[in-house]
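Scroll down for the structure; my scribbles are underneath it.
The analysis underlying the following values was restricted to heavy atoms, covering all of them including side chains, and did not include hydrogens, waters or symmetry mates. Predicted model, so just to flag it, every value in this text is computed and none were measured.
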There are 2 protein chains.
Amino acid sequence: MKQVTVYDIAEEAQVSVATVSRVLNGSAPVSAATREKIEAIMRKRQFQPNALARSLTKKETGIIGVILPDITNPFFPEVFSGIELEGQEEGYTFFLCNTKGSYEKESEFLNIMREKRVDGILFIGGRINLKRCDPAMVREVVEHAERIPLVLVNGDLKDAGLTRVATDEYAGTILAVSHLIEQGHTRIGFIGGESHMSTTSVKLRAFRSAMKRADLPVTEKWVLPGSFSVDAGREHMKRLLEMPERPTAVCCINDFTAIGAIKTAVEQGLRVPDDLSIVGFDDILLAHHVIPELTTVSQQAGELGRTAVRVLRQLMNKDKVKKLTSLEPRLIVRQSTSPPPRQGDRRP
Amino acid sequence: MKQVTVYDIAEEAQVSVATVSRVLNGSAPVSAATREKIEAIMRKRQFQPNALARSLTKKETGIIGVILPDITNPFFPEVFSGIELEGQEEGYTFFLCNTKGSYEKESEFLNIMREKRVDGILFIGGRINLKRCDPAMVREVVEHAERIPLVLVNGDLKDAGLTRVATDEYAGTILAVSHLIEQGHTRIGFIGGESHMSTTSVKLRAFRSAMKRADLPVTEKWVLPGSFSVDAGREHMKRLLEMPERPTAVCCINDFTAIGAIKTAVEQGLRVPDDLSIVGFDDILLAHHVIPELTTVSQQAGELGRTAVRVLRQLMNKDKVKKLTSLEPRLIVRQSTSPPPRQGDRRP
DNA sequence: ATGAAAGCGCTAACAT
DNA sequence: ATGTTAGCGCTTTCAT
């Protein structure tokens, strides 16, 4: 079944294609009579303008490309939802690229996006979260950014000078640790996070700073970086519990590790938060479904997505844009934190 | 900065655009010498063929459109991941449309997909899960399906005769209920699910059938449909616990309600599974992060996505296609189910 | 093996 | 207000 084109419509309406195009775009005045006639025919013939042809001449596609590492990690759908919400109002459509953590896929997708002539790119996760990213990989992104508006979401690329939108993880960690301290904890551990990721060092730095500010010592053997998963959280907690001296509270790199930590603690007979307080980071959906509900720091993932689109739009309009737009995280106090047990109450 | 085109390449290589196109597509023999020359120039100039122009002439875009109700619901990212995995190998790219449960958005996206000339459509959730879908909405989908290969994933449209891929929810529920029965339960409840969704009636039908097959009575007041959320699960469980006579096991419409049910049960001082067994459906990630880990029925979301793409490909190739490809669900036994308490052990 | 030229379906000057 | 026409960047006959 042949697709109907502007020519078909023009012919049937006895006008030129230009007029058809005009009513399609409202780009120039058309007499009410012919307009209605054309519109009627379009409806009747179920005319669907070919977006490809249209984009080809207009040199814009209305597509925003989104690169993210793992749509299966609940944080990202949340961000993506925000992106969609903000972009949809202006008629944007999205090309979602899931890199599954592969830097090659990032490169590949970057190229595909260029071939597809997306109007802008949102780059989330992956190489932009590395503490030290290979200069070639940095350059690649910069080169793309020179041709297509691009914003880095929750990450950075050394010396690239790219436009960024990010939650202030440092401030967020301060919030979490301060909360623990206010509850009366003095013996606080920190677990999770791969050492080569910048989020790990940022949060660790904030952790140390918050402790120092309260004149509390950091017990190094309670600082256990490693990974971001639930299983990592379990492992870390297991190691912590094997120590003769244990913290009364643990600050976790993210909600996953926090949940793992809780599971292990509970399995070993500890009560959370009575015996051990645990705080996470991100506020993924899971955080309030888990028992006990997790005290955590909200990154406001949806808002992050919306903001990213707003900033990208500015970039696309060649407006003035701040190099860094930062979002303030919020502490969400739920059930996994409480004052520490009194000395006498401590379990063996 | 002007994009480089086949003409630029042709000019620099002193050949015609046709030859350039040939090396780009490998569509016809080109002498090794000129091929290499052209390839070198392409690399040097960072040539990126314009996918729009290409698709315009080739009449294919390599894009698969995916309509789903809520990317924030962990089941769908899992499906989408499978879709990507299967499609990427063949160079497909995806246009993800999140309808947020709005039927109008479904219509809107269906039209956008047509304008974008996607090569195929995967329709997941929304109106195709309705027990009785408005005929006009059915017709709309059918009309699109007549022009673009389209497969219905985990749903159906009455009398539409469309190609479908779905997990066998009936069989899955039988699995869950039988597991409970095998554990020795005789007093089993069923909670969750909106009554106007087909999944609810299918699962309820399976529930009744499994009970009957085991000569067990269904206690109607323990059958509480309602909704699909964690909160719904909490509500339902609360009502169940207020009854003088209670079931020893509950079959839940999905993992969310199951998790809600567990939370409420635990809050009320019951032990899961010792006092009350609970089984879910879907096997979302949450299911093994929750405490106790949830016994549930896996829909194999990833596999569902992969299969959907495979079937869609057949449709696109105009191969013979089965009207219904069905996936066998699997019972995943974890910690939330056990034999019922002996009478004497029952808590008040 | 390579080139010339006609489209693909639409928009945007430029005319009238 | 409407029509004519030249692209947009590529692929694909049809020649040679």
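- A heavy-atom distance below 4.5 Å is found between the side chains of B:Leu315 and B:Val151.
- Looking at A:Lys116 and A:Ile63, their side chains never come closer than 4.5 Å, going by heavy atoms from C-beta outward.
- Put simply, the side chain of A:Phe123 does not reach to within 4.5 Å of the side chain of A:Leu162, judged on heavy atoms.
- Sorted by first and then second residue, the pairs that involve residues 94-110 of chain A and meet side-chain hydrogen bond (donor to acceptor under 3.5 Å, both in side chains), not counting sequence neighbours, are A:Asn98-B:Glu84, A:Lys105-B:Gln88, A:Glu106-A:Arg127, A:Ser107-A:Arg127, A:Ser107-A:Glu140.
- Side-chain contact between B:Arg22 and B:Ile38: absent, with no pair of heavy atoms (C-beta onward) separated by less than 4.5 Å.
- A donor-acceptor contact closer than 3.5 angstrom links the side chains of B:Thr167 and B:Asn154.
- Under the 4.5 Å side-chain criterion, counting only non-hydrogen atoms from C-beta, B:Thr325 is not in contact with B:Arg310.
- You can see that DNA chain C meets the heavy atoms of chain B within a 4.0 Å-exclusive cut from C:dA1 to C:dG9, reading 5' to 3'.
- Taking a 4.0 Å limit (strictly below) on heavy-atom distances, residues 28-35 of chain B reaches DNA chain C at B:Pro29, B:Val30, B:Ser31, B:Thr34.
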In B/S/- notation (B base, S sugar-phosphate only, - none; protein heavy atoms under 4.0 Å), nucleotides 11-16 of chain D written 5' to 3' is BBB---
Side chain to side chain contact (heavy atoms under 4.5 Å, CB included) between B:Gln314 and B:Lys322: does it pass, once the steps are laid out? CA-CA 10 Å; B:Gln314 292 172 14; B:Lys322 280 197 296 186; over 6 Å; no
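- The separation between A:Ile38 atom CD1 and D:dA1 atom P is 13 Å, rounded to whole Å.
- Looking at residues two or more places apart in sequence or on another chain, you find a side chain to side chain donor-acceptor pair (under 3.5 Å) between A:Asn25 and A:Ser21.
- No engagement by B:Glu60 is indicated, since no non-hydrogen atom pair under 4.0 Å with the nucleic acid exists.
- Side-chain contact between A:Glu12 and A:Lys44 is present, with heavy atoms from C-beta onward closer than 4.5 Å.
- Comparing the end axes of the helix from C:dA1-D:dT16 to C:dT16-D:dA1, each fitted to five base pairs by superposing C1' atoms of four pairs onto the next four, gives an inter-axis angle of 30° (nearest 10 degrees).
- Side-chain contact between A:Ile121 and A:Leu110: present, with at least one pair of heavy atoms (C-beta onward) separated by less than 4.5 Å.
- At a cut-off of 3.5 Å, with distance as the only test, no side-chain donor of A:Ser198 or A:Asn129 sits close to an acceptor on the other residue.
- Residues B:Val15 and B:Lys59 both approach DNA chain C. Their nearest nucleotides, taken by heavy-atom distance, put B:Val15 toward the 5′ side.
- In this structure the side chain of A:Gln46 reaches within 4.5 angstrom of the side chain of B:Arg114, judged on heavy atoms.
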